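First up is the structure itself, then whatever we jot down about it.
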Amino acid sequence: MLLRHWISRVGASMGFRVVSVMAVWVFLFTAISTEAVRLPQFYADMAEASKIKATAVVTSVEIIERTKRSTSKKVVFELRHSFSDSVPATFSGTCYSVDHSWQEPGAGGTIYHYPKKGQRVYVTISADGGSITSYTAIDEALEGMFIENPGKISYGMGKAYLEK
């Protein structure tokens with residue numbers, strides 16, 4: 001009823017223009033700044049494209065920054081077995097964790113990892129010093145299975161798996 005009255009006062013074409021412009025503004029301002037969770041294949045592709053793929057032991061975890069959303073960390077690894085070319089004996093990567101109850105990660109596509117010194121892992125990193133694209137805690141038996149079956153390694157949302 002109110003909309004009809006308003007349109008009769010300003011005219012149908014003018015009313016349509018105003019509503020159209022408002023709809024476009026709402027769409028633009030809500031669509032520009034969103035960071036959505038992506039399909040699992042996006043994360044798998046990032047891990048697959050990583051320059052570093054290896055089993056390793058975490059030698060140190062350094063906090064780079066704490067924010068209200070997460071903790072940024074630099075993780076240093078000692079190589080155990082390389083699954084890609086030219087992996088150095090010691091390499092590093094960065095990741096995010098939510099370590100405190102006061103941190104609120106919010107919605108988005110960030111994958112969180114929780115590295116611990118001394119932990120044995122299968123890890124993929126975009127490049128030495130870059131983003132950790134997958135991080136999977138393993139034991140000696142699982143490490144052996146990864147080494148014996150490199151063609152069966154597949155990736156999901158921040159983890160590596162062995163296909164059957």
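What you see is a predicted model, and the numbers here were worked out from it, not measured in a lab.
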Exercise for the section: Give a yes or no answer on whether the side chain of S97 reaches the backbone of H113 with a donor-acceptor pair at less than 3.5 Å. Expected result: yes
Handout entry: Over all atoms of both residues, closest heavy-atom pair of A54 and L79
Key = CB-CD1, 3.5 Å
Exercise for the section: Describe, in one word, how the ring planes of Y122 and F83 are oriented to each other, choosing from parallel (under 30°), tilted (30 to 60°) and perpendicular (over 60°). Expected result: perpendicular
Exercise for the section: Determine, using the 4.5 Å side-chain heavy-atom cutoff (strictly less than), whether F146 and Y155 are members of one ILVMFWY cluster. Expected result: yes
Practice task
Can you establish whether the number of heavy atoms outside I64 located under 6.0 Å from its atom CD1 is more than 12?
Solution key: yes
Problem - Test item: F77 and V57 side chains (from C-beta on) under 4.5 Å apart, heavy atoms - result: no
Practice task
For the pair D139 (side chain) and L142 (backbone), establish whether a donor and an acceptor sit closer than 3.5 Å, ignoring hydrogens and angles.
Solution key: yes
Handout entry: C95 vs Y112 side-chain heavy atoms within contact, under 4.5 Å
Key = no
Practice task
Please determine if K68 and E104 form a salt bridge, counting it only when a charged side-chain N lies under 4.0 Å from a carboxylate O.
Solution key: no
Exercise for the section: Look only at the side chain of E148 and the backbone of M145, and say whether a donor-acceptor pair between them is shorter than 3.5 Å. Expected result: no
Exercise for the section: Examine V123 and I138 and state if one hydrophobic cluster contains both, with Ile, Leu, Val, Met, Phe, Trp and Tyr joined whenever side-chain heavy atoms are less than 4.5 Å apart. Expected result: no
Exercise for the section: Would you kindly say whether T124 and T133 are connected by a side-chain donor-acceptor distance under 3.5 Å? Expected result: yes
Exercise for the section: Search all heavy atoms of V58 against all heavy atoms of K116 and return the closest pair with its distance. Expected result: CB-O, 3.3 Å
Practice task
Evaluate side chain to side chain contact (heavy atoms under 4.5 Å, CB included) for M157 paired with I111, printing each intermediate quantity in order.
Solution key: CA-CA 7 Å; M157 293 185 67; I111 301 289; 4.1 Å; yes
Problem - Taking every non-hydrogen atom, the tightest pair across V98 and P105 - result: CG2-CB, 3.9 Å
Practice task
Take Q119 and Y135 through the side chain to side chain contact (heavy atoms under 4.5 Å, CB included) test and state the conclusion after the steps.
Solution key: CA-CA 11 Å; Q119 192 173 40; Y135 184 95; 2.4 Å; yes
Exercise for the section: For the pair K73 and E65, find out whether any cationic side-chain nitrogen is under 4.0 Å from an anionic carboxylate oxygen. Expected result: no
Completion exercise
Taken to the nearest 0.5 Å, the spacing of R38 CZ from Y43 OH works out to 6.5 Å
Exercise for the section: List the atom of I153, the atom of L162, and the distance in Å for their closest heavy-atom pair. Expected result: CG1-CD2, 3.8 Å
Handout entry: Separation of K164 NZ from N149 CG (nearest 0.5 Å)
Key = 13.5 Å
Problem - Exam field: side chain S70 to backbone R66, donor-acceptor pair closer than 3.5 Å - result: no
Handout entry: From CG (D99) to OH (Y114), nearest 0.5 Å
Key = 6.5 Å
Handout entry: D85 CG: over 12 foreign heavy atoms closer than 6.0 Å
Key = no
Handout entry: Crowding at OH, Y96 (>12 non-hydrogen neighbours, <6.0 Å)
Key = no
Exercise for the section: Decide yes or no for K159 and S134: does some side-chain heavy atom of the first lie under 4.5 Å from some side-chain heavy atom of the second? Expected result: no
Exercise for the section: Measure the OG1-CZ distance between T136 and R120 for me, rounded to the nearest 0.5 Å. Expected result: 14.0 Å
Exercise for the section: Might you work through the side chain to side chain contact (heavy atoms under 4.5 Å, CB included) test for D128 and S92, ending with a clear yes or no? Expected result: CA-CA 6 Å; D128 193 11; S92 67; 3.8 Å; yes
Practice task
Measure across G106 and R69 and return the closest heavy-atom pair with its distance rounded to 0.1 Å.
Solution key: CA-NH1, 3.3 Å
Exercise for the section: Kindly compute the distance separating NE2 (H100) from OG1 (T71), expressed to the nearest 0.5 Å. Expected result: 4.5 Å
Problem - Value rounded to 0.5 Å, distance of CD1 in I147 from OG1 in T55 - result: 5.0 Å
Problem - Any donor-acceptor pair under 3.5 Å from S50 side chain to I52 backbone - result: no
Fill in the blank from the handout: What one should report as the nearest heavy-atom pair of S84 and V87 is OG-CG2, 3.3 Å
